Amino acid sequence: MIDSASSLSSLLATATQACQRVYGRTPQWHAVAPGRVNLMGDHTDYNDGRVLPIAIDRYTVVVAAERQSGAQLRVYSLALEEEISLSLADLAHPHPQQWARYIQGVIAEYQRLGVRCPAMDIVIASSVPAGGGLSSSAALELAVAHLLEAVSKHQVHSYDRIRACVQAERQMAGVPCGIMDQTVVDMAKAGHAMALDCANQDATPVSLTLDNISLLVIHSGVSHALAESAYAQRRFECEQAAECLGVSTLRGVVLGDIDLLASSSLCKRVRHVVTENARVQQAAAAIQKKDWDGLGALMTDSHASLRDDYEVSCDELDRLVELACAERGVLGARMTGGGFGGCAVVLVERAGLERIAASLQEGYLREIGHQPECFHVTASAGARALNARPS
Ligand code: GLA
C-alpha cells in the first residue's frame, strides 16, 4: 500500500508541539524545505552537466525559539529522538554527529555572509527519508538557511544561499557534492520540473502536468552513506578522464572522444556522463510533448547506464527497477540521486498506481525479505520561511 506522507501543516504542528514539550517554549520562527526526486541526469552535475529534478511533497520543517542569552544552539531531531548542542563561538570543528554538521556548516557559511545566528532552541521534523537519495541533507540545509534569514531579517540572494548550503555539505559534512540538490530544493516551482544547466546554473522550469500519469517512489531499504561511498571516487574518475582528454570538464566531450581513453573503466564513466546529458534534454522534450512512453523509456535507459557504466546502483535497486518494469502500466523506472542504495522512481499510469505499488511491495518482500516504503510524489515548491511573528 502507498504510504501517506504527513501534510506540511501536520509536520509543523508536530514540530511546534515538540518545541513546547522539549524546550517549554512556543517557536517564533518556522521554515520548510522539500526533498527532491531527480527524473534524469544523475552524476552529471559535478561534471558541469545537465539535470532534471523536481522538488517533492515530502518536507523538512525547522522551528525555533530564540533565547535571550548564551551562545549555544540546542537542536532536537524528532526523527532521531536525539538532541545536539552547537557552540556558536566555535563552529570550525565538525560536530561528531553527521546530521549536526549540515546545520553547523550552514550557520558557519552564513556567518561569512555577515548573518549572525542568535542562541536558539530548534526542533526538526521531517517526512523526507534519511539516506534515501531524496536530498534529506539539502532539505535540512535549506530549511536552516531560510530560518536564519527569517530570524536575522537578512535575506540573501538565492545564489548565495545555494552556495552556502553546497559549501556546508562539502566542507563540514565531507561530501564533494554538485549543485543539483541545493538548487532545486531552494528554487523549485510547484507543478514544474527544473531543467538545470550546471555549467552556468541556468534553471528553466518545465511544466509537469502529468494528467493520467503518476510518479511512484520506492525505497530499497538500503541506506546510502554518500560520505563513505564511492561518490568521491566517481568524481575523481571524471576529473582524471577530463585531464586525459585535455579538457577542464566533461561537458563538451562527445562519444567519439571515449576512444582516446586508455582505461576501460574511465571509458564507461565518460559514456554515462555523455549519454545522460543527452537524455536530460530528451526527457525535458518528452515532458513538454507529454510523451510519457518516451520519458519512461529514457528513465529505464538511464538506470542501465547508472548500473553498468557508472556502477552506482546496487542489487536491490536493480531488482526493484526490474520488478517495476515487468508490471503492466509501468512506463519506466530508474534509481534516483547518488545511488549505492536509496530510492527508485517509477513512472506509472495513474489508474494502476495502487495495484502496482502493492504488487511491487509484495514482490520485493518475497525476493529481498523487506517491505519497501512506497509513496506517490508531486512536483512541489522550493524552500521558504513560513512566517515570522514579530519578536
Ligand atoms: C547527490 C549529490 C548531487 C548529485 C547526485 C547524483 O545527491 O548531492 O550533487 O551529484 O548525488 O546525481
Side-chain angles (χ1 to χ4, degrees), residues 33-56 58 60 98 101-102 105-106 128-142 162-188 193-199 201 203 217 219 222-239 249-251 269 272-277 279-280 283 299 302-303 305-307 309-314 317 334-345:
R36 70 98 186 91
V37 159
N38 191 18
L39 298 178
M40 194 61 68
D42 273 311
H43 292 275
T44 47
D45 63 348
Y46 52 81
N47 288 303
D48 270 0
R50 299 176 191 277
V51 294
L52 189 66
I54 58 169
I56 57 172
R58 291 259 162 169
T60 292
Q98 180 78 5
R101 294 182 190 173
Y102 300 114
V106 173
V128 186
L134 303 182
S135 286
S136 56
S137 56
L140 178 55
E141 289 152 10
L142 266 308
I162 290 164
R163 194 179 309 119
C165 292
V166 169
Q167 280 300 102
E169 182 128 359
R170 289 181 183 160
Q171 305 295 333
M172 201 63 81
V175 183
C177 65
I179 63 164
M180 166 172 72
D181 300 348
Q182 289 79 3
T183 308
V184 70
V185 165
D186 197 42
M187 293 177 52
M194 174 185 279
L196 175 64
D197 184 340
C198 299
Q201 271 188 281
V217 170
H219 196 324
V222 180
S223 176
H224 77 161
L226 284 181
E228 286 104 24
S229 72
Y231 184 92
Q233 174 66 21
R234 290 293 177 280
R235 193 175 174 147
F236 177 64
E237 288 168 342
C238 289
E239 284 161 10
T249 74
L250 295 181
R251 174 54 181 268
R269 306 299 183 246
H272 166 72
V273 174
V274 173
T275 57
E276 186 81 345
N277 275 328
R279 276 187 292 270
V280 169
M299 288 168 67
S302 168
H303 184 79
S305 180
L306 287 157
R307 180 192 61 209
D309 278 350
Y310 217 68
E311 298 180 277
V312 288
S313 186
C314 62
L317 274 174
R334 70 191 288 275
M335 54 156 273
T336 185
F340 312 107
C343 292
V345 54

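Counting convention: from 1, in listed order, for ligands and their atoms alike. Note that the coordinates shown come from a computational prediction; the quantities given were computed from them, not determined experimentally. These values consider heavy atoms only, across backbone and side chains, with no hydrogens, waters or symmetry-generated copies.
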**Prompt:** Considering all heavy atoms of both residues, which atom of Ala138 and which atom of Val185 are nearest to each other, and what is their separation?
**Reply:** O-CG1, 4.0 Å
**Complete:** On a heavy-atom basis, the closest approach of Leu317 and Gly341 is CD1-O, 3.3 Å
Proximal ligand 1 atoms for [X], defined as those under 4.0 Å from one of its heavy atoms:
| X | value |
| --- | --- |
| Asp42 | 6 (C), 12 (O) |
| Asp45 | 3 (C), 4 (C), 9 (O), 10 (O) |
| Asp181 | 1 (C), 2 (C), 3 (C), 7 (O), 8 (O) |
| Gly178 | 9 (O) |
| Met180 | 4 (C), 5 (C), 12 (O) |

**Prompt:** Would you say Met180 and Tyr46 make side-chain contact, with heavy atoms under 4.5 Å?
**Reply:** no
Below 3.5 angstrom, do we get any N/O pair linking [X] and ligand 1?
| X | answer |
| --- | --- |
| Glu169 | no |
| Tyr46 | no |
| Ser135 | no |
| Asn38 | no |
| Tyr231 | yes |

**Asked** Parallel, tilted or perpendicular for Tyr310 and His43, by the 30°/60° rule?
**Response** tilted
**Asked** When you look at Arg307 and Ser313, which way does the side-chain hydrogen bond (donor to acceptor under 3.5 Å, both in side chains) test go after all the steps?
**Response** CA-CA 5 Å; Arg307 180 192 61 209; Ser313 186; over 6 Å; no
**Prompt:** Can a donor-acceptor pair be found between the side chains of Glu276 and Ser302 at a distance below 3.5 Å?
**Reply:** yes
**Item:** Close approach of Arg36 to ligand 1, heavy atoms, under 4.0 angstrom
**Value:** yes
**Asked** Is the side chain of Arg58 donor-acceptor paired with the backbone N or O of Leu134 at a distance under 3.5 Å, no angle test?
**Response** no
**Message:** If the condition is side-chain contact (heavy atoms from CB on, under 4.5 Å), which residues does Val106 pass it with, not counting sequence neighbours?
**Reply:** Tyr110, Glu141, Val144, Ala145, Leu148, Cys165, Ala168
